[in-house]
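All values derive from a computational prediction rather than experimental measurement.
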Amino acid sequence: MQARLDYLKTALAPKLVKHLVSAAKVVDGSELPLATRELVNIRASQINGCSGCLDMHTKDAAHAGETTTRLNLIACWREATVFTEAERAALELTEQGCRLADGIGVTDEAWAAVAKHYDDEQLVALVTQIALINAFNRLNVITRQPAGDYTPGQFAGH
């Protein structure tokens, strides 16, 4: 696959991406567990068909110690026994938050489930993580960014 646009070589995109990355760093500094953040990133990227973000976040999660079993089962998390109740609630919120155009929105049940496991600060971080990964997914999918050559930590300085 060839990219439609190498947006990082434009004058505008690096400035925009810098601000998205800055927001992501705020979430990284929150009490929301890294494993949950990566599960959210991976599930959203699966739903949105973003190969670049899937490449990045599956490799980063594995590098951080996530198991192959859990990584392989994210797409079918409802049937898998390897996720905690809190992670399952976060994955449900992620799915509903990615599929807003389906007309259902985020149900009160999904919100109650995450609120049972996460405090207000963690909820802000979780919702922000979902919004940010959706923004990155859309940038990559719309411009058709290729995937496969990411190495863990490649963008650590960005």
Side-chain angles (χ1 to χ4, degrees), residues 1 3-5 7-8 13 16-62 64 66-148 150 155:
M1 181 170 80
R4 290 180 171 139
L5 170 68
Y7 64 84
L8 292 178
L16 295 169
V17 170
K18 178 182 177 182
H19 289 287
L20 289 172
V21 169
S22 292
K25 287 181 181 179
V26 173
V27 175
D28 289 347
S30 75
E31 294 297 319
L32 186 66
L34 173 61
T36 302
R37 294 192 315 264
E38 289 297 7
L39 291 174
V40 164
N41 290 335
I42 293 165
R43 187 63 189 128
S45 299
Q46 290 171 335
I47 292 166
N48 294 323
C50 184
S51 62
C53 288
L54 276 170
D55 185 33
M56 176 183 197
H57 293 291
T58 54
K59 288 176 179 175
D60 282 349
E66 189 58 79
T67 68
T68 303
T69 299
R70 283 170 45 97
L71 289 172
N72 289 337
L73 293 174
I74 293 169
C76 59
W77 62 268
R78 284 180 180 83
E79 294 80 25
T81 59
V82 297
F83 302 104
T84 67
E85 192 176 323
E87 290 169 337
R88 297 168 74 75
L91 287 164
E92 180 65 35
L93 186 70
T94 300
E95 289 192 3
Q96 290 186 20
C98 288
R99 294 184 167 132
L100 296 175
D102 291 351
I104 298 169
V106 173
T107 65
D108 290 339
E109 293 80 13
W111 186 259
V114 294
K116 178 177 156 186
H117 297 286
Y118 301 101
D119 65 26
D120 286 353
E121 294 296 319
Q122 292 171 316
L123 287 169
V124 170
L126 178 58
V127 170
T128 302
Q129 188 70 51
I130 295 166
L132 287 168
I133 193 61
N134 272 277
F136 279 115
N137 288 168
R138 280 149 177 77
L139 283 169
N140 289 332
V141 171
I142 292 167
T143 61
R144 196 182 284 156
Q145 298 301 304
Y150 176 80
F155 300 122

Please determine whether side chain to side chain contact (heavy atoms under 4.5 Å, CB included) holds for the pair Trp111 and Val127, giving the CA-CA distance in whole Å, both sets of side-chain angles, and the decisive distance to 0.1 Å.
CA-CA 11 Å; Trp111 186 259; Val127 170; 3.8 Å; yes
Ala90 versus Thr36, closest heavy-atom pair with distance:
CB-CG2, 3.8 Å
For Leu20 and Leu139, what are the C-alpha separation, side-chain angles and deciding distance, and is it a side chain to side chain contact (heavy atoms under 4.5 Å, CB included)?
CA-CA 11 Å; Leu20 289 172; Leu139 283 169; 3.9 Å; yes
Atom pair CG (Asp60) and CD (Glu66), whose distance is rounded to the nearest 0.5 Å:
12.0 Å
Using a strict cut-off of less than 4.0 Å between a Lys/Arg side-chain nitrogen and an Asp/Glu carboxylate oxygen, indicate whether Glu38 and Arg70 qualify as a salt bridge.
no
Could you walk me through whether Gln145 and Tyr7 pass side chain to side chain contact (heavy atoms under 4.5 Å, CB included), step by step?
CA-CA 9 Å; Gln145 298 301 304; Tyr7 64 84; 3.7 Å; yes
Would you say the side-chain atoms of Asp119 pair up with the backbone N or O of Glu121, donor to acceptor, closer than 3.5 Å?
yes
For Leu100 and Gly105 the tightest heavy-atom approach is CD2-CA, 4.1 Å
Taking Arg88 for its side chain and Phe83 for its backbone only, find out whether a donor-acceptor pair lies under 3.5 Å.
no
Minimal heavy-atom distance between Leu39 and Leu91, with the atoms involved, is O-CD2, 3.7 Å
What closest approach, in Å, do Cys50 and Asn140 show between heavy atoms, and which atom pair accounts for it?
SG-CB, 3.5 Å
Working to the nearest 0.5 Å, report the span between CG of Leu93 and CG of Leu126.
5.0 Å
Distance, nearest 0.5 Å, that separates CD of Glu92 from CZ of Arg78:
4.5 Å
Would you compute the distance between atom CD1 of Ile142 and atom CG of Leu5 and round it to the nearest 0.5 angstrom?
11.0 Å
Do you see a donor-acceptor pair shorter than 3.5 Å between the side chains of Asn134 and Arg138?
yes
Any sub-3.5 Å donor-acceptor pair from Tyr150's side-chain atoms to His57's backbone N or O?
no
Side chain Arg43, main chain Glu95, donor-acceptor under 3.5 Å
no
Start with the C-alpha distance between Ile133 and Ser45, add both sets of side-chain angles, then the distance that settles side chain to side chain contact (heavy atoms under 4.5 Å, CB included), and finish with yes or no.
CA-CA 7 Å; Ile133 193 61; Ser45 299; 3.8 Å; yes
At their closest point, which heavy atom of Val40 faces which heavy atom of Gln129, and how far apart are they?
CG1-CG, 3.9 Å
Does Glu31 use its side chain to pair, donor to acceptor, with the backbone of Gln122 at less than 3.5 Å?
no
Whether the side chain of Lys59 engages the backbone of Gly148 through a donor-acceptor N/O pair (distance < 3.5 Å, no angle test) should be reported.
yes
Is a side-chain N or O of Asp55 found less than 3.5 angstrom from the main chain of Ser51, in a donor-acceptor match?
no
When you measure from the side chain of Arg37 to the backbone of Leu32, do you find a donor-acceptor pair of N or O atoms at a distance under 3.5 Å?
yes
Of the non-hydrogen atoms in Ala61 and Ile42, which two are nearest, and what is the gap between them?
CB-CD1, 4.2 Å
